[in-house]
K.L.:
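One structure follows; several queries about it will come next.
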Amino acid sequence: MAIQITFPDGNQKSFDAPISGLAIAQGISPGLAKKAAVIQVNGELWDLTRPIDRDATIAIVTRDKPEALEVIRHDAAHVLAQAVQELFPGTQVTFGPSTETGFYYDFARDTPFTEMDLEAIENKMRDIVKRDLPITREVWDHKTAVEHFEKAGEKFKAEWIRDGIAADEELTIYKQGDNWLDMCLGPHLPSTGKLGTAFKLIRVGGVYWRGDANNAQLQRITGVCFANDDDLKAYLKMVEEAEKRDHRKIAKQLDLFHQQEEAPGMVFWHPKGWAIWQVVEQYVRGVYKKSGYQEVRGPQIMDVSLWKKSGHWDNYQDNMFFTESEKRTYAVKPMNCPGHVQIYNAGLHSYRDLPIRYAEFGGCHRNEPSGALHGIMRVRAFTQDDGHIFCMESQVEGEVTAFHSQAMKVYSDFGFTDLAVKLALRPDKRLGTDEAWDRAENALRAALSAAGVAWEELPGEGAFYGPKIEYHLKDSIGRSWQVGTIQYDPMMPERLDAVYVDENSQRIRPIMLHRAIVGSMERFIGILIEHHAGSLPFWLAPVQVVVAPIVSDADGYAKEVCELLKDANLRANTDLRNEKINYKIREHSVQKVPVIAVVGRKEAEEKTVTLRRLGEERQVTMPLADVAKHLLG
RNA sequence: GCCGGGAUAGCUCAGUCGGUAGAGCGACUGAUUCGUAAUCAGUAGGUCGGAGGUUCGAUUCCUCUUUUCGGCACCA
């Protein structure tokens with residue numbers, strides 16, 4: 001039986017017997033065989049050592065290709081697992097996939113691994129690479145696999161195969177050398193030596209078996225892995241740089257805010273941090289006005305009965321704060337919507353009035369799980385740029401598309417372009433009928449289509465009252481944060497009895513759209529700080545200009561310049577300390593002040609100012625009268 | 001919430017194999033009046049996160065606790 005192999009260039013060759021990818025590569029050139037990682041066979045990735053037993057179109061995948069990198073990383077996970085089991089007998093394996101930057105493997109072991117163990121494990125990994133163990137693929141039947149893993153004391157693996165894989169399915173087993181194996185779909189490299197040296201274990205941490213908090217806790221060891229050492233080095237450098245932008249670190253350096261033990265998950269805003277907040281708030285207030293919102297304000301606490309009516313108590317009582325007075329229990333508001341409904345309900349509305357749009361910088365408290373708290377990105381007291389649109393069903397699409405373009409404009413104004421749009425669909429725990437959810441989800445899909453955006457759908461992640469569109473921003477170390485959202489809610493008007501009167505004098509339920517653009521002010525400012533590494537653009541900088549006299553004879557003139565800048569609504573300070581100009585320049589540069597205005601005797605005499613922009617050495621001298629206009633222009 | 005690592009001067013960190021702690025920067029005082037990223041000298045500053053325990057003696061060891069960091073789970 002001849003096997004016909006078709007190469008990427010269209011050439012064909014036939015072989016008398018099954019042939020491995022490695023042999024084919026060697027037939028082309030030894031150099032190719034050396035660089036080869038896997039082989040693509042009829043569109044599928046195969047091991048180089050797996051005999052090709054059928055006619056096939058093939059392509060050798062060299063280790064510099066993205067598909068190969070995934071295989072290399074997956075191999076690293078296996079080598080990690082073998083290393084751990086050699087060093088710590090009795091440790092059970094579970095899963096170990098490749099990730100965006102490397103790999104991890106989850107182990108079951110009574111004693112958790114420590115950072116100290118990582119070095120030993122990594123050394124053992126390098127040893128296994130050096131041993132260059134052949135990696136071989138075998139096909140087992142279901143029963144053999146379950147028996148093997150049970151006998152080996154691999155309870156998690158056995159459970160997974162027994163409960164997670166159909167009994168008639170064949171399983172592939174990969175062996176590394178003679179003494180170690182794991183069940184895996186593959187493909188893998190031909191031997192452990194091919195893994196190379198560009199990997200590093202970076203952390204350990206607890207995880208739940210199959211991602212469920214009710215299950216056993218496993219130990220995850222995470223590593224990074226690349227095709228070559230230069231890529232690894234570049235990645236580690238990038239991480240190091242990213243860590244320098246951590247908003248918690250920068251907030252301390254620039255004196256923006258602090259947090260302390262007595263108020264976990266809450267923020268003490270210092271003058272400079274609050275100055276940033278004010279700029280963001282005033283900007284968003286402008287957006288409210290432009291897009292037809294009326295700003296309102298609801299109370300911070302309301303009787304718990306209202307939250308029972310709204311459905312929040314059922315869903316979130318564990319995460320709400322309560323307070324008591326005169327035998328009544330109040331909930332500190334975790335959301336602004338019930339308050340806005342009360343404002344809406346205070347009058348009777350005609351269909352002619354819709355849509356009615358309310359907005360609020362709504363302070364909310366949520367008792368987030370302690371482990372979730374993270375700087376000002378995830379807090380227990382936060383402020384939303386919240387808004388609620390009461391409208392007819394026919395108005396939803398227009399409102400959502402208008403919101404979308406407004407939101408995108410806001411993000412780009414703040415310097416963000418890397419956004420992902422997601423549509424979160426009905427969760428298990430929800431209010432309302434399936435028909436209502438169908439209508440709600442389709443309305444949001446229609447609006448997104450009309451806006452011409454690409455989106456990702458997230459089944460099961462909607463709010464209990466309705467589906468939502470989410471806007472996600474990436475931070476400096478690649479973490480994704482949700483900022484904006486618009487949510488379709490037919491339930492809250494029902495529960496809290498909101499109505500409008502239609503053209504037939506009938507009382508009809510409006511649809512409520514919950515929406516936020518920056519989301520949490522706290523989180524958004526945190527992202528801003530990291531995104532700009534503390535060097536906020538001029539319009540956002542807490543201190544925009546420092547006026548620094550060279551020696552004290554220009555102090556009076558410096559004050560005069562500063563007053564003029566303040567009159568022009570610029571955030572300006574003077575630095576009259578008895579320090580050298582070099583010292584002042586350095587200090588305000590480190591403090592990320594965008595403009596330093598240096599004035600000496602010369603400037604004072606000529607009524608000019610010399611400006612130095614952050615990061616530039618170039619100096620520009622201009623008449624005092626032009627300075628404010630120049631800076632604001 | 002769960003698993004693990006931390007918490008020492010305002011900040012960044014060192015240190016004590018159990019005998020109540022040290023640096024740099026900052027602050028303060030003085031000198032210096034200087035043209036674009038750190039002038040010099042001196043001084044002050046810490047119940048070593050909190051509460052128990054072991055001990056002649058605890059910042060150090062143990063227990064509990066608060067909080068923080070990383071991971072997971074959660075995120076209306």
Side-chain angles (χ1 to χ4, degrees), chain A residues 104 106 111-117 202-222 246 248-249 252-253 255 258-265 307 310-316 318-320 333-338 364 366-375 377-380 382 384 424 427 429-430 461-466 468 470 481-482 485 487 489 492 514 519-520 523 548-555 578-591 596-603 610-612 614-619 621:
Chain A
Y104 64 78
D106 294 344
T111 318
F113 299 107
T114 65
E115 302 272 339
M116 306 274 276
D117 296 328
I202 53 168
R203 68 174 75 95
V204 292
V207 296
Y208 297 108
W209 168 235
R210 295 168 84 164
D212 187 333
N214 298 312
N215 288 345
Q217 189 127 33
L218 308 174
Q219 304 299 322
R220 174 171 298 177
I221 298 180
T222 306
D246 189 303
R248 294 163 299 193
K249 209 176 236 178
K252 248 183 218 168
Q253 289 160 356
D255 193 19
H258 85 269
Q259 298 176 278
Q260 67 186 45
E261 266 193 32
E262 291 82 352
W307 302 100
S310 71
H312 289 96
W313 195 85
D314 283 341
N315 284 279
Y316 291 108
D318 290 344
N319 298 308
M320 289 166 69
K333 74 174 154 141
M335 285 190 89
N336 307 299
C337 37
C364 294
R366 296 180 184 172
N367 199 0
E368 303 282 6
S370 57
L373 303 180
H374 177 88
M377 300 292 211
R378 190 81 185 273
V379 286
R380 290 192 174 141
F382 60 98
Q384 290 176 308
K429 205 174 166 192
R430 60 178 182 259
E461 301 208 358
F464 70 89
Y465 48 71
K468 52 183 185 172
E470 302 175 350
W481 297 100
Q482 185 190 314
T485 183
Q487 313 180 352
D489 180 7
M492 208 60 59
H514 307 243
S520 146
R523 171 178 302 177
I550 287 170
V551 294
S552 53
D553 60 3
D555 282 4
N578 178 12
E579 298 289 352
K580 287 179 142 179
I581 193 65
N582 286 323
Y583 182 90
K584 295 181 186 177
I585 298 273
R586 178 184 153 78
E587 174 145 312
H588 301 302
S589 299
V590 167
Q591 287 292 311
I596 301 171
V598 177
V599 293
R601 185 175 298 158
K602 196 175 71 167
E603 282 82 359
T610 300
L611 299 182
R612 182 194 211 275
L614 182 60
E616 291 179 21
E617 281 174 41
R618 191 166 52 94
Q619 302 160 42
T621 303

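Bear in mind that the values here come from a model prediction, so they are computed numbers and not experimental data. For the numbers below, each heavy atom of this structure counts, side chains included, while hydrogens, waters and symmetry mates do not.
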K.L.:
With heavy atoms under 4.0 Å as the rule, sort A/Gln487 into base, sugar-phosphate or nothing.
P.N.:
sugar-phosphate

K.L.:
Closest-nucleotide mapping onto RNA chain B: is A/Asn319 or A/Thr114 further toward the 5' terminus? I mean the 5' end.
P.N.:
A/Thr114

K.L.:
From the options B/U66, B/U36, B/C75, select the nucleotide whose nearest atom is closest to the side chain of A/Glu261.
P.N.:
B/U66

K.L.:
In dot-bracket form, 5' to 3', how is RNA chain B paired? Count Watson-Crick and G-U wobble pairs only if both distances fall under 3.5 Å, and write | where the partner sits on another strand.
P.N.:
(((((((..((((.....[..)))).(((((.......))))).....(((((..]....))))))))))))....

K.L.:
Report yes or no: is there a donor-acceptor pair, N or O only, under 3.5 Å between the side chain of A/Tyr104 and the base of B/G71?
P.N.:
no

K.L.:
What nucleic acid atoms does A/Gly311 come within less than 4.0 Å of, heavy atoms only: base, sugar-phosphate, or nothing?
P.N.:
nothing

K.L.:
Test side chain to side chain contact (heavy atoms under 4.5 Å, CB included) on A/Glu115 and A/Val204; report intermediate values, then the result.
P.N.:
CA-CA 7 Å; A/Glu115 302 272 339; A/Val204 292; 4.3 Å; yes

K.L.:
Grab the two heavy atoms, one from A/Pro338 and one from A/Trp307, that are nearest each other, plus how far apart they are.
P.N.:
CG-CZ3, 3.3 Å

K.L.:
Give a yes or no on whether the backbone of A/Asp489 and the side-chain of A/Lys468 come within a donor-acceptor separation of less than 3.5 Å.
P.N.:
no

K.L.:
What is the minimum heavy-atom distance between A/Phe464 and A/Ser310, and which atoms define it?
P.N.:
CE1-O, 4.0 Å

K.L.:
Look at the side chain of A/Arg203 and decide which nucleotide, out of B/G71, B/A76, B/G1, has an atom nearest to it.
P.N.:
B/G71

K.L.:
Quickly work out the A/His258 NE2 to B/U67 P distance and round it to whole Å.
P.N.:
15 Å

K.L.:
I want to confirm an ordering. Mapping A/Ile585 and A/Thr222 to their closest nucleotides on RNA chain B, which one lands closer to the 5' end?
P.N.:
A/Ile585

K.L.:
Please report, rounded to the nearest Å, how far the P atom of B/A76 is from the CG atom of A/Asn367.
P.N.:
15 Å

K.L.:
For B/U36 and A/His588 - does any side-chain N or O of the residue sit under 4.0 Å from the phosphate oxygens OP1/OP2?
P.N.:
no

K.L.:
With respect to the phosphate group of B/C40, does any side-chain polar atom (N or O) of A/Tyr583 fall under 4.0 Å of OP1 or OP2?
P.N.:
no

K.L.:
Could you check whether the rings of A/Tyr465 and A/His514 sit parallel, tilted or perpendicular, using 30° and 60° as the cut-offs?
P.N.:
parallel

K.L.:
How many whole angstroms separate atom OH of A/Tyr316 from atom C1' of B/G1?
P.N.:
16 Å

K.L.:
What does A/Ala372 touch in the nucleic acid at a heavy-atom separation under 4.0 angstrom: a base, only the sugar-phosphate, or nothing?
P.N.:
base

K.L.:
Reckon A/Arg248 has a side-chain N or O less than 4.0 Å from the OP1 or OP2 of B/C69?
P.N.:
yes

K.L.:
Is there a donor on the side chain of A/Arg378 or the base of B/C74 sitting less than 3.5 Å from an acceptor on the other?
P.N.:
yes

K.L.:
Could you give the CD-to-C1' distance, from A/Gln260 to B/G10, as a whole number of Å?
P.N.:
14 Å

K.L.:
Which residues pass the side-chain contact (heavy atoms from CB on, under 4.5 Å) test with A/Thr621, sequence neighbours left out?
P.N.:
A/Thr608, A/Thr610

K.L.:
Whole angstroms only, please: what is the CG-P distance between A/Asp117 and B/G5?
P.N.:
11 Å

K.L.:
I'd like the P distance from B/G49 over to B/C13, given in whole Å.
P.N.:
15 Å

K.L.:
Considering only side-chain heavy atoms of A/Tyr208, which listed nucleotide, B/C3, B/C72, B/U33, is closest?
P.N.:
B/C72

K.L.:
Expressed in angstrom and rounded to an integer, what is the separation of A/Arg586 atom CZ from B/C25 atom P?
P.N.:
12 Å

K.L.:
Suppose you measure atom C1' in B/A76 against the same atom in B/C3; what distance do you get, rounded to whole Å?
P.N.:
27 Å

K.L.:
Can any side-chain N or O of A/Gln591 pair as donor or acceptor with the backbone N or O of A/Gln253 at less than 3.5 Å?
P.N.:
yes

K.L.:
Roughly how many Å apart are B/U39 and B/G45, using the C1' atom of each and rounding to a whole number?
P.N.:
24 Å

K.L.:
What distance, rounded to whole Å, do you find between the two P atoms, one in B/C34 and one in B/U47?
P.N.:
43 Å

K.L.:
State whether the side chain of A/Gln487 and the backbone N or O of A/Gly466 hold a donor-acceptor pair below 3.5 Å, judged by distance alone.
P.N.:
no

K.L.:
Do NZ/NE/NH1/NH2 and the carboxylate oxygens of A/Asp246 and A/Arg248 come within less than 4.0 Å?
P.N.:
yes

K.L.:
Would you say A/Lys252 places a side-chain N or O within less than 4.0 Å of OP1 or OP2 belonging to B/U12?
P.N.:
yes

K.L.:
Stacking here means centres under 5.5 Å and planes under 30°; does A/Tyr465 stack on B/A76?
P.N.:
no

K.L.:
By the 4.0 Å heavy-atom rule, please label A/Gln591 as base, sugar-phosphate, or nothing.
P.N.:
nothing

K.L.:
Using a 4.0 Å heavy-atom cut-off across all strands, classify A/His374 as base, sugar-phosphate, or nothing.
P.N.:
sugar-phosphate

K.L.:
What's the gap between B/G10 and B/G30 when it is taken at their P atoms, as a whole Å value?
P.N.:
23 Å

K.L.:
So A/Ile550, base contact, sugar-phosphate only, or nothing? Heavy-atom distance under 4.0 Å.
P.N.:
base

K.L.:
Using a 4.0 Å heavy-atom cut-off, does A/Gly462 contact any base of the nucleic acid, only the sugar-phosphate backbone, or nothing at all?
P.N.:
nothing

K.L.:
When you compare B/C25 with B/C72, how far apart are their P atoms, in angstrom units rounded to a whole number?
P.N.:
40 Å

K.L.:
Quantified in whole Å, what is the C1' atom distance between nucleotide B/U60 and nucleotide B/C17?
P.N.:
10 Å

K.L.:
Looking at A/Arg612, I'd like to know whether one of its side-chain N or O atoms comes within less than 4.0 Å of OP1 or OP2 on B/G35.
P.N.:
no

K.L.:
Checking side chain to side chain donor-acceptor pair (under 3.5 Å) against A/Glu616, which of A/Arg618, A/Gln619, A/Arg612 comes through?
P.N.:
A/Arg618

K.L.:
Do any side-chain nitrogens or oxygens of A/Asn315 fall under 4.0 Å of OP1 or OP2 in B/A76?
P.N.:
no

K.L.:
P atom, B/U54 versus B/U59: distance in rounded Å?
P.N.:
15 Å

K.L.:
Under the 3.5 Å rule, do the base of B/G1 and the side chain of A/Gln217 count as making a donor-acceptor pair?
P.N.:
no

K.L.:
Mind checking if A/Val207 touches a base, just sugar-phosphate, or nothing, with heavy atoms under 4.0 Å?
P.N.:
sugar-phosphate

K.L.:
Hey, does A/Pro369 reach any base, or is it just sugar-phosphate, or nothing, if we go heavy atoms under 4.0 Å?
P.N.:
base

K.L.:
Mind calculating the distance between CD (A/Glu115) and P (B/C69) to the nearest angstrom?
P.N.:
16 Å

K.L.:
Checking all strands, does A/Pro112 fall into the base, sugar-phosphate, or nothing category for heavy-atom contacts under 4.0 angstrom?
P.N.:
sugar-phosphate

K.L.:
Starting at CD of A/Glu579 and ending at P of B/U39, how long is that distance when rounded to a whole Å?
P.N.:
7 Å

K.L.:
Specify the closest pair of heavy atoms between A/Asp117 and A/Phe113, including all atoms of both residues, with the distance to one decimal.
P.N.:
OD2-CA, 3.3 Å

K.L.:
Kindly say if A/Lys584 contacts the phosphate of B/A37, meaning a side-chain N or O under 4.0 Å from OP1 or OP2.
P.N.:
no

